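Reviewing the structure listed below.
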Amino acid sequence: MDLLAALALVMVIEGLAIVVFSSSLPELLAAMKDVDEGQMRRIGIIAIVGGAVLYLMIRGAAGAG
């Protein structure tokens, strides 16, 4: 159930980002064409690791109290 709640929150945050940055989103997507595959993978890995560490820190802090 926690996974579904997390995925729902991701959808909310991504939807909010699209609404807030709708005017500059086409420029951002066009600029992403210039990023090579290796850089894109590194960015993805950094986001995954950062998100996992942050999640564990939050869940660990919540469980400690």
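Since we're looking at a predicted model, the values are computed, not measured.
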Run the side-chain contact (heavy atoms from CB on, under 4.5 Å) check on Ile46 and Ile43 step by step: do they pass? CA-CA 5 Å; Ile46 290 168; Ile43 292 168; 5.8 Å; no
Rounded distance [0.5 Å steps], OG in Ser24 versus CG in Leu29: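 Ser24 atom OG to Leu29 atom CG measures 9.5 Å (nearest 0.5 Å).
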Distance, nearest 0.5 Å, that separates CD of Glu37 from CZ of Arg42: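 Spacing of CD (Glu37) from CZ (Arg42) equals 10.5 Å.
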Does the distance from a Lys or Arg side-chain N to an Asp or Glu carboxylate O, for Arg59 and Asp2, drop under 4.0 Å?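 Salt bridge between Arg59 and Asp2, a charged N being under 4.0 Å from a carboxylate O: yes.
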Do [X] and [Y] belong together in a cluster built from hydrophobic side chains that touch within less than 4.5 Å?
{"X": "Ile58", "Y": "Val49", "answer": "no"}
{"X": "Leu16", "Y": "Leu9", "answer": "no"}
{"X": "Met40", "Y": "Ile48", "answer": "no"}

